[in-house]
Protein chains: 2
Amino acid sequence: MNTLAYGLLSLLSHSPLSGYDLTQRIQPFWPAKHSQIYPLLARLEKYDMVSCELIQQSDKPDKKVYSIQEKGLDALRKWLALPASDPVMRDELMLKAFCISQVEPTVSRDLFAARLEHYKAKSQRLNDKIQSVRHMANAGEDGIPPYDSPYFGAYILLNKGKLTCRTNIEWCEWVLSIIPHGSGNTVD
Amino acid sequence: MNTLAYGLLSLLSHSPLSGYDLTQRIQPFWPAKHSQIYPLLARLEKYDMVSCELIQQSDKPDKKVYSIQEKGLDALRKWLALPASDPVMRDELMLKAFCISQVEPTVSRDLFAARLEHYKAKSQRLNDKIQSVRHMANAGEDGIPPYDSPYFGAYILLNKGKLTCRTNIEWCEWVLSIIPHGSGNTVD
DNA sequence: AGGACCATGTAAAAGGTTACATGATTTC
DNA sequence: GAAATCATGTAACCTTTTACATGGTCCT
């Protein structure tokens, strides 16, 4: 049982999902390809953590829908009580930023401009998602869903996403503002 | 040449370092163990990206100090001009947050309290580092080192760290403030 | 005496990505 | 007719972690 396995159980604790759906939905939290998900689901089924039902579809290909079982929920709750290991972030731009003085300002501007666009697009997608969650969750006046509703988790995660995006946008804009303009022949 | 290799070249573009030092310093940007670094350095040397000098020490074990070579600098500059791939973040707490309603508020409070402490400690370490960089860099009145100084990169990265820490601290405190208090028997 | 830090390496196992494989339906 | 989406799976490869291996110095 690795972290990805618990990640799948986490998603399945809200509702049954197919391997295809799980692959899409786990991306924001724990990126993984379908080639990793499908075999893992088979293993989770073997250990009775999840059950599997074949759903026949006429318009789309048939699919296997997985549901979490008692054993899976027990494992999930035990894992939840354990301290979360430190987050791991791997970002090429951090490495490039470190030796930014090796290249002309034009080159580094492109790097940060691209990243700024990346976060702006992400921010837009997040706002859309926040709107749709507000619809579904029976949130109070403060907009906060009750703790024991499955939307509480989604709500705090969406907020984290928003804060993180905003911080990164601010940082990129600040960096762009202090990179010197002009022809900028720093090398040679 | 993978990203870790370029990461090592990035660090070596500032100053020559031993494998041991490189292992320590790359952690904030691209976590890697020494078992990955040492063989990579040997490979970089084989391809003339870096050169290696054995430094004998009396108080401490002897060490190998690596310096970047022309070929390494060329490779580094070519890589810098390429767009940076998207950052990858893997955080167990995000997965746990998703199914937070599965456990009592006491359990989830511990999770977020621990993460809050993690970021507070990180914030403290960052402040110390920022102080020491300010000393070394011949920064202007605004505190910003010149673009072509090697401290420019360190400066913007330290600032990113500070912003990220602050955002995460705020988020953890906010989550703790909306997790209900009391005995909290949400699950029977 | 025990633990932390310095210092370098290899081997095995686990985790993750890319490529191979197939095939239907829908949208432009 | 081409591309995107839905849907599942395996194989090969690369990356990362954990464990094995060694040994000196410094501090308590």
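These numbers come from the heavy atoms of this one structure, side chains and all, not from hydrogens, waters or symmetry mates. Here is the naming used below: chain letters follow the sequence lines, and residue numbers restart at 1 for every chain.
One interatomic measurement links the two molecules: CD of E45(B) to C1' of dT8(C), which rounds to 14 Å at whole-angstrom precision. Spacing between atom CG of L54(A) and atom P of dA7(D) amounts to 12 Å, rounded to whole angstrom units. For the pair D86(B) CG and dT17(C) P, the interatomic distance rounds to 13 Å; values are reported in whole Å. The CD1 atom of I55(B) sits 15 Å away from the C1' atom of dC6(C) (whole-angstrom rounding). A straight line from CD of Q24(B) to P of dC5(C) spans 10 Å, rounded to a whole angstrom. Spacing between atom CG of N2(B) and atom C1' of dC13(D) amounts to 13 Å, rounded to whole angstrom units. Atom C1' of nucleotide dT15(D) and atom CD1 of I26(B) are separated by 14 Å, given to the nearest angstrom. Remark: C1' of dG16(C) and CZ of F29(A) are 19 Å apart, rounded to the nearest angstrom.
In this structure, V65(B) belongs to a hydrophobic cluster whose other members, linked by side-chain heavy atoms under 4.5 Å apart, are I55(B).
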Q | Check against side-chain contact (heavy atoms from CB on, under 4.5 Å), I130(B) and Y155(B) | A | CA-CA 8 Å; I130(B) 286 168; Y155(B) 178 73; over 6 Å; no
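An OP1 or OP2 oxygen of dT15(D) is reached within less than 4.0 angstrom by no side-chain nitrogen or oxygen of W30(B). Contact between the side-chain N/O atoms of R90(A) and the OP1/OP2 oxygens of dT15(D) is not found at any separation under 4.0 Å. At dC6(D), none of the side-chain N or O atoms of Q57(A) fall inside 4.0 Å of OP1 or OP2 (strictly under the cut-off).
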Identify the pairs formed between an N or O of the protein and an N or O of nucleotides 26-28 of chain C at a distance under 3.5 Å, and give each distance.
none

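The ring pair (Phe, Tyr, Trp, His ring centres under 6.0 Å) contacts involving residues 44-91 of chain B comprise Y6(B)-W79(B), where partners must be two or more places apart or lie in separate chains. Pairs of residues two or more places apart, or lying in two chains, that qualify as side-chain hydrogen bond (donor to acceptor under 3.5 Å, both in side chains) and include a residue from residues 13-26 of chain A are S18(A)-D21(A). Applying the side-chain hydrogen bond (donor to acceptor under 3.5 Å, both in side chains) test to every pair with at least one member in residues 48-60 of chain B, sequence neighbours left out, gives these pairs: S51(B)-Q69(B). Annotation: salt bridge (Lys or Arg N to Asp or Glu O under 4.0 Å) contacts involving residues 155-176 of chain B, sequence neighbours excluded, are absent.
Around atom NZ of K78(A), no more than 12 heavy atoms belonging to other residues, nucleotides or ligands sit under 6.0 Å away.
The side chain of S18(B) lies closest to dT8(C), out of dG15(C), dT8(C), dG9(D). Checking dG23(C), dT8(D), dG15(C) against the side-chain heavy atoms of Y20(A) singles out dT8(D) as nearest.
Residue V50(B) is tested with L12(B), L17(B), L8(B) for a side-chain contact (heavy atoms from CB on, under 4.5 Å); the sole match is L12(B).
For the side-chain hydrogen bond (donor to acceptor under 3.5 Å, both in side chains) test, residues two or more places apart in sequence or in another chain that qualify with D128(B) are Q124(B). Residues passing the side-chain hydrogen bond (donor to acceptor under 3.5 Å, both in side chains) test with S35(A), sequence neighbours excluded: none. Looking at residues two or more places apart in sequence or on another chain, you find a side-chain contact (heavy atoms from CB on, under 4.5 Å) between P31(A) and Q27(A), V88(B), R90(B). Contacts of D91(A) classified as side-chain hydrogen bond (donor to acceptor under 3.5 Å, both in side chains), with partners at least two apart in sequence or in another chain: R115(A).
Non-hydrogen atoms lying under 4.0 Å from DNA chain C are contributed by H34(B), S35(B), Y38(B), all within residues 33-42 of chain B.
Between P31(A) and S58(A), the residue anchored nearer the 5' end of DNA chain C, judged by the nucleotide with its closest heavy atom, is P31(A). Position along DNA chain D of the nearest nucleotide to K60(A) versus M1(B) favours K60(A) as the more 5'-ward residue.
Overall, the helix from dA1(C)-dT28(D) to dC28(C)-dG1(D) carries an axis bend of 40° between its ends, with five pairs at each end and the value rounded to 10°.
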